[in-house]
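Notes follow once the structure below has been shown.
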Amino acid sequence: MRNLLPIIGSHSGGRSAMTCRFRCGDACFHEVPNTSSNEYVGDVIADALSRRGALRAAAVVTVAAAAGSAVVAGAPQAAAAEAKHGMPGKPVKPAKAARGLRFDVVAPNTADQVTVPGGYQQNVVIRWGDPILRGAPAFDPEHQTAAAQAGQFGYNNDFLALLPIPGERNRQLLVANHEYTDEVLMFRGYDAANPTREQVEVAWAAHGLGAVVVEEDRRSGKLTVVSRHHLNRRITATSEFLLTGPAAGSSLLKTSADRTGRKVLGTLNNCSGGTTPWGTTLHGEENFNQYFANASRDTDKRYGIGTGASERKWERFDKRFDVAQEPNESHRFGYVVEFDPYDPTSTPRKRTALGRFKHEAATVRMTSDGRPVVYTGDDERFDYFYKFVGSKRMRHGNSRAAREHNLTLLDEGTLYVAKLTGDSPASEIDGSGTLPADGEFDGSGTWIPLATATARGAVSHVEGMTAEEVFVFTRLAGDKVGATKMDRPEDIEPSPQSGKVYVVLTNNTNRGKTGSPVADEANPRTNNKHGHILELTERRNHADATSFGWSVFLVAGDPADPATYFAGFPKDRVSPISCPDNVAFDVHGNLWISTDGNALGAHDGLFGVATKGDRRGELKQFLTMPNGAETCGPIVQERRVLVAVQHPGEVDGASVEQPASAWPDGPGKIVRPAVVAVWRADGCDIGV
C-alpha cells in the first residue's frame, strides 16, 4: 500500500501515524506541554501499590496460557489467538459471570468487521453522510459539498447519548459528537499541502454535533433513523455559540469579529461528553490546538499550539485560525459545550466556569441538595483532572422557568483540580507495576480550589492569576497549585449506584523517560503503553467533598504480564485489554470500557467489568472494531448496546484510492464512520 505519510516513529499505544496526525495533531510527538515540577501520578501510585501485595500476590501474578497467546504483535499471531479463544462469532463459553456480563467472550482478532458475541445481532444505525435534515441530498462522496454536509450526519462520531422523546413511542433522540475529519479518507486525490476551499468548507460542516431521532423495531431490536424529524439538527464549525460564565466578555476572548467576547463560531474536536439531569448534553472540546497556526506565546505552547502552519491549513481560508492575526481566537476553544437537543432553536453554550483545557469528557453527579458536580479530564500526557461544584440548585419540571434556570447551573460554582498522595514508601514504587507491600496502589487526595464564579463576579484562589486568567489558562493554574501529573486523563464517570468515581488513564509511554516524571503510586508503571483506571471515593461519598480516597482499579495489558491488575480478580479469567478510553455503566453497576489504540496487536473493542461483589474485576470483551477503528460511545441499555465506530480504515498509507477497510458497506464503497446497535437475538436483556 502506498505510504502517504512520513514515518515518525513509534506511536502512542497502537494508534497509526494517520490517527495521530488527524485526530490530535501528533500530540504524543510534540514536546510535552506541562513542564512544571508537579508530582507525577505514577510516583504516587508506585508508593501505594506496595501495601497489599502480600495479601493478593497469588491473584495478581496468576497467568493464563490462553490469555497470553491472545496478546500479540501482529495479525498472524492474532489469528492463532482466535484459535485458542474461539473464532469471532464462535467464542468459548465462560463460566457463569457477573450479572450483565453473561455473554460469550469475543476473542481478540483483526477481522474487518464489528464482531459481537454468539446469539447477538447488530445493525448500522447511521453513517457519515446520511441525510438527516429536510432537503439534504443523498450522500455522494464523489461530489460532496459543504451545503450537503451541513444537512447530513457528520464525520467521526465519538460521544453518544440516547434521550427519551415524550409522547413518541419506540423513538429516542440520538446525540453525537463529530470529533474531527480525516481528509485523506474523505476526498479522492486529496493534497494535504494544498487543500481546496471546498474541501475545507466540507470539513467545517463535518465537525461539530448531530441530533437525530431513531426508531426501534420492537420485533428485531434494530434502530433506524427518522429523517427530517423536527428535532434533527446539525451543529458545525461555523454555527453560532455563546460564551457564558466568568470569562465571558473578558478581553482575553475578544476578537476583531467579536468585540463583545461573548459569541464564537463553531466547536472543534468534540471528544466525549455526558448528559445532565435537566435534559441537556455536554461535549468536551479536546485537541482544539491542532487547528491553529503560527503561535508564539508561552501560553500557546502550554496548550500545544504549533508555531508553523496547521495540518489542515484552515488559516489560509479564515484568518481566525491564524494566531498571528487573531491571537484570542484560540482562547475561545477548549471548553465544555452545553447543548439543548430538545429545542431546535437553542444556541449552544461554552461554559467557561468549567475551565479551558483539552476536555475529554464532562459527566455529572448531583449533590444531596441538588447542585451539579461535573468531572472532566485533560487528555494530555502529565496533565490533570478536575471537577466543578455548582452553587445553584437544579429546579425540577419542564416549565419554561425551570428550563431557563437550569441552563445557568454551570455558570456559577467552584472549579477544582486533583492532587493525589500515595500511602506507600516511594522505594516500593519501581515503575514495573509490582504491587507495594500492602498489596494495593492507593492513597488519598484533595481537590484544590482554583477559582469561584458567582453572579456578582469571580474570585481567583491561585496566587498571581486573576479569575479570568484561571478560567482561560486553566492548565497554568493547575501547574501553580501543584496538581498531580497523570497518564492522559480521559473519561471520568461517577457510578450511578455507588457514587464511586472512575478515572480512565489511557496511556503514557513517556512515563519514566529521561527528563520526564517517573512512576508514582497513582501512575505506577514506566512506559505505560496500556493505561489504567483509578477508583475514587469522595469523603463520606459526598459529591461536593474536598477530599477523597483512591485506589488503582485496573492496570491494563496482557493478563500474563505481572504488571497488570484486575481489582484482584484471577487473571486467567479475564480478557486482555489495552488503552481504556471512554466508559459507561449498565443497570447492574458494571463498568463498560471502550478502547483507543490497542497496543496488543488486535483491534480495539468494548469490555464489561464487574465493580462489586466476589466477581469484582472480572473483565470480558463484548465486541471488536473493524480495521483501523476506535471504539467510541458507548451506551449500554438494558436491551441494547450502542457504539460509535470512529475512523475505520485509518491505517498508515490508506486513502480513498487505496482503502484499508471495506466497512461498513463492503468492497468498492468509501469507508464511513458510523453508529452501530447490538442486541440479543432472543430479545432478552444484555448479559443476563
Side-chain angles (χ1 to χ4, degrees), residues 133 159-177 209-216 226 228-235 239-246 248-249 262-263 267 273-284 335-354 362-376 387-414 452-458 494 496 499 542-544 635 637:
L133 301 187
F159 167 73
L160 301 175
L162 267 179
L163 307 174
I165 305 177
E168 297 195 30
R169 187 180 180 187
N170 298 333
R171 288 183 173 182
Q172 297 178 82
L173 183 57
L174 175 67
V175 180
N177 281 354
L209 315 175
V212 58
V213 174
V214 294
E215 188 166 30
E216 177 184 10
V226 180
R228 297 184 295 278
H229 192 282
H230 75 279
L231 290 179
N232 291 2
R233 193 173 180 192
R234 277 300 321 285
I235 302 295
S239 300
E240 184 175 288
F241 284 71
L242 295 177
L243 289 158
T244 71
R262 297 179 180 275
K263 293 183 179 180
T267 184
T275 60
T276 71
W278 52 92
T280 62
T281 54
L282 304 179
H283 309 264
Y335 297 101
V336 171
V337 170
E338 185 170 13
F339 172 57
D340 184 355
Y342 291 109
D343 181 0
T345 66
S346 64
T347 302
R349 307 178 187 200
K350 298 191 180 188
R351 302 299 191 183
T352 65
L354 275 64
T363 56
V364 179
R365 183 185 177 200
M366 302 299 288
T367 65
S368 58
D369 62 352
R371 294 173 292 118
V373 174
V374 183
Y375 297 91
T376 184
K387 80 171 179 181
F388 168 83
V389 179
S391 58
K392 299 171 67 173
R393 296 181 183 180
M394 172 185 161
R395 293 182 185 173
H396 294 279
N398 290 316
S399 68
R400 180 175 179 179
R403 291 185 63 80
E404 289 181 351
H405 169 81
N406 291 339
L407 285 173
T408 68
L409 294 178
L410 301 185
D411 287 336
E412 296 179 28
T414 299
T452 299
T454 71
R456 297 181 299 277
H542 291 175
D544 57 349
I635 298 173
Q637 299 179 312

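The figures that follow rest on heavy atoms only: side chains count, while hydrogens, waters and symmetry mates do not.
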Check your understanding: So do T276 and P372 actually touch side chain to side chain, heavy atoms under 4.5 Å?
Key -> no
Check your understanding: Under 4.0 Å between a Lys/Arg side-chain N and an Asp/Glu carboxylate O for D340 and R403?
Key -> yes
Point to revise | Heavy-atom pair with the smallest gap, counting every atom of L243 and T352 | key: CD2-CG2, 4.4 Å
Check your understanding: Does any N or O in the side chain of R371 come within less than 3.5 Å of the main-chain N or O of G390, such that one atom is a donor and the other an acceptor?
Key -> yes
Review point. Checking N232 side chain against V226 main chain: does a donor-acceptor pair fall under 3.5 Å?
Key: yes
Review point. Taking C-beta and beyond as the side chain, do L162 and V214 meet within less than 4.5 Å on heavy atoms?
Key: yes
Point to revise | Test salt bridge (charged side-chain N to carboxylate O under 4.0 Å, His left out) applied to R171 - qualifying residues, sequence neighbours left out | key: E168, E215
Exercise for review: Can you establish whether the number of heavy atoms outside D369 located under 6.0 Å from its atom CG is more than 12?
Suggested key: yes
Check your understanding: Any donor and acceptor pair, going by atom type alone, linking the side chain of N406 with main-chain N or O of R395 inside 3.5 Å?
Key -> yes
Revision key, fill the gap. Side chain to side chain contact (heavy atoms under 4.5 Å, CB included) with P341: of L209, L173, I235, L231, only one passes, and it is L173
Exercise for review: For L407 and R351, work out which heavy atoms get closest and say how close.
Suggested key: O-NH2, 2.5 Å
Exercise for review: Write down the atom of P164, the atom of Y342, and the distance for their closest heavy-atom approach.
Suggested key: O-OH, 2.6 Å
Check your understanding: Taking the side chain from T452 and the backbone from G413, do they hold a donor-acceptor pair closer than 3.5 Å?
Key -> no
Check your understanding: Can you check whether A543's main-chain N or O pairs, donor with acceptor, with K387's side chain at less than 3.5 Å?
Key -> yes
Check your understanding: So do S346 and E338 actually touch side chain to side chain, heavy atoms under 4.5 Å?
Key -> no
Revision key, fill the gap. Heavy-atom nearest pair, K392 first then T408, reads NZ-OG1, 2.7 Å
Check your understanding: So, do T363 and P494 sit near enough that their side-chain heavy atoms are less than 4.5 Å apart?
Key -> yes
Check your understanding: Do H542 side-chain atoms and S368 backbone N/O form a donor-acceptor pair below 3.5 Å?
Key -> no
Revision key, fill the gap. Minimal heavy-atom distance between S239 and R234, with the atoms involved, is OG-O, 4.4 Å
Exercise for review: Look up atom CD in E216 and atom CZ in R169, then write down how far apart they are to the nearest 0.5 Å.
Suggested key: 10.0 Å
Review point. Where is the tightest heavy-atom contact between F388 and L409, given as atom of each residue plus distance?
Key: CE2-O, 4.1 Å
Check your understanding: Atom CZ of F339 and atom CZ of R349: how far apart are they, to the nearest 0.5 Å?
Key -> 12.5 Å
**Study point:** No-hydrogen, no-angle side-chain donor-acceptor test under 3.5 Å, E240 and T347
**Key:** no
Practice item. Quick one: pull up OG1 in T275 and CG in L160 and give me the separation to the nearest 0.5 Å. Key: 12.0 Å
**Study point:** Minimum side-chain heavy-atom gap V336-V374 below 4.5 Å
**Key:** no
Practice item. Check whether any side-chain heavy atom of Y335 lies under 4.5 Å from a side-chain heavy atom of L354, and answer yes or no. Key: no
Practice item. Evaluate the side-chain proximity of L242 to K263: yes if any heavy-atom separation is below 4.5 Å, no if none is. Key: yes
Point to revise | Heavy-atom side-chain proximity of V364 to P277 below 4.5 angstrom | key: yes
Practice item. Using the side chain to side chain contact (heavy atoms under 4.5 Å, CB included) rule, take L282 and L410 through it: C-alpha gap first, then chi angles, then the decisive distance, then the call. Key: CA-CA 11 Å; L282 304 179; L410 301 185; 3.8 Å; yes
